[in-house]
Amino acid sequence: MRRPVTDVARLRGLAIWARGVLIGAGATDPAARACFMRVVARRFADVNGVDLPSWPFPGDDGAEAPDLVRVRVAEVLTAEVCRDVEVVGWLYQFFTAGQKDEVFAGFTRNRKAGAAEIPAATQLFTPDWIARYLVENSLGRLWLLNRPSSGLAARMPYLLPLPAGEPSSYAKVTGPEGIRLIDPACGSGHLLTYAFDLLHAIYEEEGYASAEIPGLILAHNLIGVEIDPAAGALAVFALTMKARARGFDGPVTPRIHVLEPVSFTPAEVASLGGDATLWNVFRDAGTLGSLVRPGCVPDPVTVPDPDVRRRVERVRAQAEVLSSRYHVVVANPPYMGHGNMDAVLSAFARREYPDSKSGLCAMFVERCVDLAVPRAFIAMITMQSWMFLRSYAALRTNLLRDRAIVTMAHLGARAFDAIAGEVVATTAFVLANVAQPDLVGGFVRLVEERGEAAMSAAFREAVAGRRTVYAATAGRLGRVPGAPIAYWLPEPMLRAFAVGRPLAATGEPRQGLATADNGRFVRLWHEVSADRTGFGMSRAEAAASGRTWFPYNKGGDFRRWYGNQEFVVNWRGDGAEIRSFGAERGRPRSRAQNTAYYFRPSLSWSKVGTGPPAFRWYPPGFVFDVAGTSIFAAERELLRLAAVCNSTVARDMLAATSPTLNFEVGTLARLPVADVPDRVLADVRELVELHRADWDARETSWGFTTLDLVAGGAGRLGDAVGAAFARDVAAAGRARALETRVNVAVAAAYGLDGEDARVPLERITLSGNPAFRFGAGLAEAEQRSRYARERVADLVSYAVGCMFGRYSLDLPGLILGDQGATLDDFLARVPRPSYRPVVENVLTADEIDDRFREFLRVVFGEENVEENLRFVTATLGVRDLRGYLGRSFYADHVRRYRRRPVYWLFAGPKGALIYLHRYRPSTVAAVLARTGAHEEALAARPPEIDLDDGVKANYARFGTALRPIPGLAAND
């Protein structure tokens with residue numbers, strides 16, 4: 001019927017520019033908006049050769065726009081652009097984007113949205129193709145079902161043929177004048193204008209005279225409801241322009257109802273019969289909009305007061321619209337979560353919409369069903385959350401029991417070109433307002449597509465039969481626990497959901513500690529003093545130890561089987577300080593929940609991830625976080641659960657029940673767990689051990705012993721790196737074979753064939769795996785090159801650690817890790833070191849260069865020093881080691897230690913490193929003497945530090961004397 005607007009970016013630029021010009025000229029925001037929209041409307045009217053409709057725009061003070069605005073509007077809004085009146089809605093949305101940003105900024109400061117904020121926060125213009133999909137698959141389908149002989153299907157490119165034929169039960173209409181369509185959140189009328197075009201074609205096909213059709217459509221067919229007066233005015237304008245563009249010259253009165261808040265005093269209510277609920281139903285209409293469910297207003301009563309009479313008539317008119325029923329309901333309702341609702345809307349949602357109260361768009365799903373006559377079609381685009389989240393399980397159950405999904409275009413993220421990133425994940429769908437458990441709906445999966453054009457093209461491929469259309473009935477969808485709309489699951493997977501027991505019957509999934517202030521209570525393990533940290537303890541041992549810091553599981557990156565063990569938490573005295581944190585204000589801010597499970601072994605996953613969940617074994621000794629949610633059971637059961645939860649079967653099941661990035665305890669608790677054979681446990685143990693060894697091979701692990709590159713003794717460094725590469729590749733291959741074997745066994749336990757059991761190498765989560773570390777697709781030569789660079793950097797880092805005494809070539813593990821440790825402490829543990837640390841805890845770049853040569857001699861032999869040194873510099877891409885130390889070493893170190901470095905670099909022409917754990921106030925004098933720097937204030941009063949305070953606080957105590965680290969400032 002029309003081609004879509006193509007240059008949305010140019011429209012956005014025009015609106016933003018015009019707003020800046022008008023505001024800069026002194027106009028208020030409402031006046032600027034009104035002035036701009038008046039110029040736009042005049043341009044559309046002029047181009048289309050019609051009189052500008054008389055429509056009051058809120059905030060219009062009558063001021064004329066500067067000439068440059070009118071000129072620019074004429075340049076952008078060419079005659080071709082002005083053929084699509086929907087452009088006016090785009091311009092309005094872009095012009096008000098600044099207000100929307102302000103409202104969302106307020107959300108971050110815990111401000112809530114009420115009547116003044118909801119329009120700006122929730123208005124989102126429907127992409128053209130989605131608008132057509134919604135209208136064609138509801139209004140269009142209804143007409144075709146009532147008129148099988150109609151030829152209009154050929155003019156509806158987004159009408160999706162259903163896999164098993166059309167519904168047998170649908171609303172009956174005798175002719176086009178009998179169709180009633182409502183958009184209960186119409187905005188600027190985008191969906192209504194598409195419905196206008198299709199209705200016009202329907203009337204023409206029925207033989208109506210062209211001159212009378214627009215008037216009939218506006219009089220009989222279309223109704224819009226809105227709470228934003230400005231958007232409502234634009235909807236009136238758009239429909240008026242539609243009528244005029246079709247040559248209609250009669251009176252035009254589009255039925256757009258901008259809901260008005262109306263209330264009555266107790267005395268006035270008494271004079272009207274005493275029903276306060278009835279008469280004050282629209283008291284908060286500016287906030288609640290079409291969600292209001294009014295009762296029947298009684299016949300006219302005698303009301304002498306003209307103001308009361310006006311309000312009575314307003315209630316009557318609004319109640320008539322919202323208590324009527326319609327053959328077609330179409331909507332792109334507002335998107336806003338419960339947490340951003342003000343007190344009025346929040347209380348209303350809990351009271352009136354208990355099944356959908358978590359989000360406005362889900363509440364509108366319920367409301368749109370209310371507005372429909374039996375067997376009507378309801379077409380909407382909403383957030384996809386209602387399809388999957390546990391909080392909407394009752395809503396889904398009711399919909400699948402009492403209605404049927406006719407079609408769905410599952411869009412996911414990036415369906416709106418006007419919204420960047422993964423912010424809004426959506427779905428567009430059509431419901432039949434009648435229970436039809438055997439109706440086979442058609443579902444098109446577009447979640448992998450990016451952008452409106454790609455999605456539009458992909459959907460039309462599905463219409464043409466060249467793309468998969470999934471088939472599912474309401475009965476089939478209800479077979480999955482929680483009834484998620486998992487339409488893509490094949491029959492064998494549906495049967496698998498009936499196998500086994502819920503995970504909660506096998507293990508105990510729990511959420512853990514919420515400290516309320518991680519900056520105060522949580523550290524990376526290497527920040528604090530080793531003698532104040534307790535590893536591998538029971539809860540009783542930890543409480544009695546007098547130590548402060550204990551391992552803390554707080555989730556982390558995508559990694560399976562073992563790892564993400566980086567943090568410690570202040571749990572001194574069984575968490576006494578955390579438990580009482582904030583109690584002086586009435587009750588603690590922290591939440592120490594499920595403490596009986598602390599320090600017990602567990603299987604854990606990250607609540608928020610970047611892909612499918614990854615489950616890891618955690619040994620005894622950990623407190624666990626709300627983001628490091630955990631499952632507790634006997635060891636054999638934990639290993640069995642690890643096999644199931646890390647399998648491709650569980651991946652597919654969880655994708656069906658929680659396709660977002662949040663994997664809640666409740667979701668995991670319902671996962672059906674099949675009995676896998678005992679032989680699988682040995683494979684899981686080996687996978688855990690492979691990943692443990694890989695994790696502890698890094699010096700940033702508290703389980704680190706020694707660097708693998710130095711373990712082979714004398715020889716060439718290049719050979720050691722090559723051997724390490726081969727070992728890591730072999731370990732990745734072994735892990736892949738084990739994971740594949742586990743997947744096959746788990747699939748068999750569920751009665752599946754395991755055809756997708758093989759794991760891509762890049763998903764084997766070993767840090768040493770080049771495919772995982774650098775990404776898939778690199779040639780082996782490039783993998784080797786990148787691997788060598790990182791491993792040589794590992795060697796330099798380890799060597800510096802040996803220079804300071806953090807590590808030793810003669811004794812595994814951390815040597816000096818206590819606050820204020822000295823060389824004497826080192827020698828007490830390593831009396832005859834083969835490589836002796838520095839005395840004064842200071843190293844300049846020149847000294848590191850010299851001492852690194854000595855390190856190479858001791859480790860790899862005198863005869864290999866020069867060759868190994870050349871390998872180091874060539875691999876790092878520098879002329880000599882000083883080049884790496886001066887340009888890249890410290891940046892690598894800061895990145896390696898997650899911006900909480902243990903070696904600190906003093907600024908100045910001859911920068912010097914110190915080791916945090918060996919720092920004493922006397923260290924400052926040694927630094928200044930070694931570097932020749934003049935820091936009188938620092939020398940006069942060297943800072944005291946306390947490792948319990950963490951690197952961030954301690955680093956700041958040195959002011960500008962230390963090299964600045966991005967992200968380490970006090971306000972970062």
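Everything numeric here is computed off the predicted structure, so don't read it as measured data. Below, each value reflects all heavy atoms present in this structure, side chains not excepted, and no hydrogens, waters or symmetry copies.
The backbone N or O of A432 sits nowhere less than 3.5 Å from a side-chain atom of R375 that would complete a donor-acceptor pair. Put simply, the side chain of D183 never gets that close to the backbone of L192: no donor and acceptor are under 3.5 Å apart. Of the possible donor and acceptor atoms, none in the side chain of R401 sits under 3.5 Å from a partner among the backbone N and O of R396. Between the side chain of Y170 and the main chain of L145, a donor-acceptor pair closer than 3.5 Å is present. Distance alone, capped at 3.5 Å, is enough to place a donor-acceptor pair between the Q318 side chain and the E260 backbone. Side chain of K357 to main chain of D355: no donor-acceptor pair is present (N/O by atom type, distance under 3.5 Å, no hydrogens or angles). At distances below 3.5 Å, at least one donor-acceptor pair connects side-chain atoms of Y353 with backbone N or O atoms of L291. Under the 3.5 Å distance criterion, the side-chain polar atoms of R325 are left unmatched by any main-chain donor or acceptor of P374. With hydrogens and angles disregarded, a donor-acceptor distance shorter than 3.5 Å links the side chain of R293 to the backbone of E352. Although no hydrogens or angles enter the test, the distance criterion places no donor-acceptor pair under 3.5 Å between the side chain of E226 and the main chain of V258.
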Worksheet item: Could you go step by step and tell me if F429 and I485 meet the side chain to side chain contact (heavy atoms under 4.5 Å, CB included) rule?
Response: CA-CA 12 Å; F429 57 94; I485 311 301; over 6 Å; no

Practice prompt. Take I213 and F248, measure what side chain to side chain contact (heavy atoms under 4.5 Å, CB included) needs, and give me the verdict at the end.
Written response: CA-CA 8 Å; I213 291 175; F248 185 72; over 6 Å; no

Worksheet item: Taking it one step at a time, do L360 and L345 satisfy side chain to side chain contact (heavy atoms under 4.5 Å, CB included)?
Response: CA-CA 9 Å; L360 269 182; L345 182 53; 4.1 Å; yes

Discussion item. Assess the residue pair F36 and R19 against the criterion (side chain to side chain contact (heavy atoms under 4.5 Å, CB included)); give the C-alpha distance rounded to whole Å, side-chain angles, the decisive distance to 0.1 Å, and a yes or no.
Written reply: CA-CA 8 Å; F36 176 66; R19 184 175 186 272; over 6 Å; no

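Between V330 and L139 the shortest side-chain heavy-atom distance does not fall below 4.5 Å. No side-chain heavy atom of N48 sits less than 4.5 Å from a side-chain heavy atom of R244. A heavy-atom distance below 4.5 Å is not found between the side chains of L199 and W143. Annotation: side chain of L322 is in contact with side chain of L259 (closest heavy-atom distance under 4.5 Å). Between R246 and F196, the closest side-chain pair of non-hydrogen atoms falls below 4.5 Å. Between P214 and K242, the closest side-chain pair of non-hydrogen atoms is not below 4.5 Å. Taking the side chain as every heavy atom from C-beta outward, C82 and V87 never approach each other to under 4.5 Å. Between L218 and R255, the closest side-chain pair of non-hydrogen atoms is not below 4.5 Å.
Legend: residues meeting side-chain contact (heavy atoms from CB on, under 4.5 Å) with R390, ordered by chain and number and at least two apart, are R670. A search for side chain to side chain donor-acceptor pair (under 3.5 Å) contacts involving R180 returns nothing, not counting sequence neighbours.
D84 CG to T193 OG1: the interatomic distance, rounded to the nearest 0.5 Å, is 9.0 Å. With values rounded to the nearest 0.5 angstrom, F377 atom CZ is found 14.0 Å from R403 atom CZ. To the nearest 0.5 Å, atom CZ of residue R83 and atom CZ of residue F44 are 12.0 Å apart. In this structure, the separation between CG on L400 and CG on L477 is 5.5 Å, given to the nearest 0.5 Å. Rounding to the nearest 0.5 angstrom, the gap separating the CD atom in E320 from the CZ atom in R316 is 9.5 Å. Put simply, CE on M408 and CG on N137 are 12.5 Å apart, with the number rounded to the nearest 0.5 Å.
Between M455 and A413, the closest heavy-atom pair is CE-O, 3.4 Å. Shortest non-hydrogen contact noted between L91 and L11 is CD2-O, 3.5 Å. Taking all atoms of both residues into account, the shortest heavy-atom contact from V225 to S290 is CG1-OG, 3.2 Å. Contact detail for Y326 and V321: the closest heavy-atom pair is OH-O, 2.7 Å. Summarising the geometry of N433 relative to A372, their closest heavy-atom pair is ND2-O, 3.2 Å, with the distance given to 0.1 Å. Contact detail for A238 and S188: the closest heavy-atom pair is CB-O, 4.0 Å.
A cation-pi geometry, defined here as NZ or CZ lying under 6.0 Å from the six-membered ring centre and within 45° of its normal, does not hold between R132 and Y194.
Relative ring orientation between F388 and H410 is described as tilted, the plane-to-plane angle lying within the 30° to 60° band. Between Y158 and W129, the ring-plane angle classifies as tilted under the 30° and 60° cut-offs.
Listed by first and then second residue, the side chain to side chain donor-acceptor pair (under 3.5 Å) pairs that reach into residues 212-225 are Y203-N221, sequence neighbours excluded.
Look at R310 and E313 and you find no salt bridge, because none of the NZ, NE, NH1 or NH2 atoms lies under 4.0 Å from a carboxylate O. By the 4.0 Å N-to-carboxylate-O rule, D29 lies too far from R33 to be salt-bridged with it.
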